[in-house]
Number of protein chains: 2
Amino acid sequence: MAVENQELRKAGLKVTLPRVKILQILESTGETTQHMSAEDVYRALLEAGEDVGLATVYRVLTQFETAGLVTRHNFETGHSVFEIARGEHHDHMVCLDSGDVVEFNDPVIEQRQREIAEHHGFEIVDHSLVLYVRKLKR
Amino acid sequence: MAVENQELRKAGLKVTLPRVKILQILESTGETTQHMSAEDVYRALLEAGEDVGLATVYRVLTQFETAGLVTRHNFETGHSVFEIARGEHHDHMVCLDSGDVVEFNDPVIEQRQREIAEHHGFEIVDHSLVLYVRKLKR
DNA sequence: GTGAGTGCAAAACATTTGCAAAAAT
DNA sequence: ATTTTTGCAAATGTTTTGCACTCAC
């Protein structure tokens, strides 16, 4: 009984094989594959020999998102990608050449966003900042 | 022959009724309806008595985007929205209560983004910043 | 006239849902 | 035993595409 079980219980979700497996997959992805689509997760399950339906993958990912275990991103790709929520917020830089995703967090920008929202009579509930970049030739 | 025709020709697109009409609709939308989905445009066409197919709306909007006449946004809504490109870049604040979209442009954030990208060995090609906000109760 | 543009219906995706079977507590 | 969860297939919503027809030049 691994750590995953505790996380699931804490989130109020029953410990089932699909949920444990999906959580493991999301947690085990390396730096380069941190952001997986539902389809990616589904294929990873099949490769691992687990017989889980794609519909279940979608359901579980949505439950994880609701539970705060996972963050959903809608980049310009036409489909959602998911990543394990590790507490601290961060933004993304997506390299248009390599597809690499770099995470960053800048206090200056964060602060400025709050000021701008407030200036317009709003408070920020959430935000999404994605830089689409290209490698600098030197 | 209105201004639209010139814009279309300049973009290398033949002047056809659907293209002119769609351009007019996008240009004529008030502050509140600046961001229209393909479906929105389609309905506006029908209301104006124009018999244009939804597929054509999609095709034309994509052509406009390629030509730089229009900007496509993918907010968290599950479908794309389009707005007339007026040259200057701006970011968006979307009110989760009312659905209102406020545009803003902050030099501090813009500058900071470039610095961050450069610091990671990248140059920014494009970026997307959306603040999801709620009205401040006072 | 000829090639680009259009409408329609069908296809293609990503995602969701209904329901009976299976599993968790 | 009961309540959740799952798998499958079918439905959904958005966007794209194939093709015969039409229009702009």
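Below, read A as the first sequence line, B as the second, and so on, with proteins coming before strands; counting in each chain starts at 1.
When rounded to the nearest whole Å, the span between CG of D40(B) and P of dT14(D) equals 10 Å. Y42(B) places its OH atom 16 Å from the P atom of dG13(D), with the value rounded to the nearest Å. Between the CZ atom of R72(B) and the C1' atom of dT16(D) there is a distance of 11 Å, rounded to whole Å.
For E118(B), the CD atom counts as loosely surrounded, since its 6.0 Å shell holds 12 or fewer non-hydrogen atoms of other residues, nucleotides or ligands.
The main-chain N or O of T62(A) is never found under 3.5 Å from a side-chain atom of R72(A) such that the two would form a donor-acceptor pair. Counting only distance, with no hydrogens or angles, the side chain of N105(B) and the backbone of H89(B) share a donor-acceptor pair below 3.5 Å.
Between K14(B) and R59(B), it is K14(B) whose nearest contact on DNA chain C lies nearer the 5' terminus. Checking S80(B) against V15(B), the closest nucleotide of DNA chain D that is more toward the 5' end is the one next to S80(B). Residue order along DNA chain D, read from the 5' end via each residue's closest nucleotide, puts V52(A) first among V81(B) and V52(A).
Contact between the side-chain N/O atoms of T62(B) and the OP1/OP2 oxygens of dT15(D) is not found at any separation under 4.0 Å. Between Y58(B) and dT15(D) there is a side-chain N or O to OP1 or OP2 distance below 4.0 Å. Residue R19(B) has a polar side-chain atom (N or O) positioned under 4.0 Å from OP1 or OP2 of dG5(C). Taking side-chain N and O atoms only, T56(A) has a distance below 4.0 Å to OP1 or OP2 of dG7(D). Between dA24(C) and R9(A), no contact under 4.0 Å exists linking OP1 or OP2 to a side-chain N or O.
Taking only side-chain atoms of T16(A), from C-beta outward, the nucleotide of dT6(D), dA24(D), dA9(D) with the closest atom is dT6(D).
If you check every strand for non-hydrogen atoms under 4.0 Å, S37(B) touches nothing.
In summary, R112(A) and E115(A) engage in a salt bridge, as defined by a charged side-chain N under 4.0 Å from a carboxylate O.
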